[in-house]
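Below is one structure; the comments refer to it alone.
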Amino acid sequence: MIDHLDGAVIPTGFDVPVEPLRRAAHFTGEPGCIAEARAFASLFLEQLRTEWCATIGERTDGAALLVVSELVTNADRHSNGPYILELEGTDEAITVAVYDSSGTLPRIYPRDPERIGCHGLEIVQVLARDIHVERVPVGKCVRAVLSFDAG
C-alpha cells in the first residue's frame, strides 16, 4: 500500500489492507432490485481483486453472484419491506449477508426434484462453506460465506 503526502509517494510496507472490504446497499423491493444487487456484488468482487489482490476464479465469481441472487430473491419474496445486502471480503473469502423485515426463518426442505420452487437455500447450502441465520431486532439476517478458489 502507498500513502501520498503532499505529492510525495511514501511506501507503508503493507502489501494488503488490514481491514476486510465492506460494502452495503439498501433495496426497496421494486422491480429490478435483484439485478441491481447482482451488479453491486459484481463491482464488489472487482474491488476485492484490485484492493485485496484476491484471486477469484470464474466458478467462484458465478457462485457468489448466484448466492446474492438467491438470498436477495428470498428477501424480496418473503419480507414486507426493504432489505439490505451487506458484503464483506478479503483475499480468501466473501461473506454475503441479507437483512430483511420478516421474522420467519428460512427452511431447507428435504431434497425433492419434483418440487417446484423453494430450492434457493438448498442452492446456497451447496455453494457456501457456511450459512448462518439469525433473528435481528427488525427481522432476520441470512449470512453465507464462500471461499475463493483459483479455478
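Excluded from the calculations below are hydrogen atoms, water molecules and symmetry mates; all remaining heavy atoms, backbone and side chain alike, are included.
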Side-chain donor or acceptor of S79 paired with backbone N/O of A75 under 3.5 Å: yes

Side-chain (K140) to main-chain (D100) donor-acceptor, under 3.5 angstrom: no

Would [X] end up clustered with [Y] when hydrophobic side chains under 4.5 Å apart are linked, directly or stepwise?
{"X": "V68", "Y": "V126", "answer": "no"}
{"X": "I123", "Y": "V133", "answer": "yes"}
{"X": "V145", "Y": "V142", "answer": "no"}

Test log, rule side chain to side chain contact (heavy atoms under 4.5 Å, CB included), inputs L121 and R107: CA-CA 7 Å; L121 215 48; R107 292 178 37 202; over 6 Å; no

Residues clustered with V138, ILVMFWY side-chain links under 4.5 angstrom: I84, Y99, V136

Sequence neighbours left out, cut at 3.5 Å: what donor-acceptor pairs do the side chains of residues 26-43 make with other protein atoms?
{"residue": "T28", "atom": "OG1", "partner": "E30", "partner atom": "N", "Å": "3.2"}
{"residue": "R38", "atom": "NH1", "partner": "L65", "partner atom": "O", "Å": "3.2"}
{"residue": "R38", "atom": "NH1", "partner": "S69", "partner atom": "OG", "Å": "2.9"}

Between NE2 on residue H78 and OH on residue Y83, distance to nearest 0.5 Å: 12.0 Å

Spacing of CD belonging to Q47 relative to CG belonging to L21, to within rounding of 0.5 Å: 5.0 Å

[X] to [Y] - nearest heavy-atom pair and separation:
{"X": "G103", "Y": "R135", "answer": "O-NE, 3.1 Å"}
{"X": "T90", "Y": "W52", "answer": "CA-CD2, 3.8 Å"}
{"X": "L71", "Y": "A144", "answer": "CD1-CB, 4.3 Å"}
{"X": "F148", "Y": "T55", "answer": "CB-O, 3.8 Å"}

Mind checking whether [X] and [Y] have side chains closer than 4.5 Å, heavy atoms only?
{"X": "P106", "Y": "N74", "answer": "no"}
{"X": "D91", "Y": "L48", "answer": "no"}
{"X": "L66", "Y": "E70", "answer": "yes"}
{"X": "T60", "Y": "L45", "answer": "no"}
{"X": "T95", "Y": "L87", "answer": "no"}

CZ/R23: more than 12 non-hydrogen atoms of other groups inside 6.0 Å: yes

Carboxylate-amine/guanidinium contact R143 E134, below 4.0 Å: yes

Carboxylate-amine/guanidinium proximity below 4.0 Å for R49 and D61: yes

Salt bridge (Lys or Arg N to Asp or Glu O under 4.0 Å) contacts in which one or both residues fall within residues 120-131, not counting sequence neighbours: R115-E122

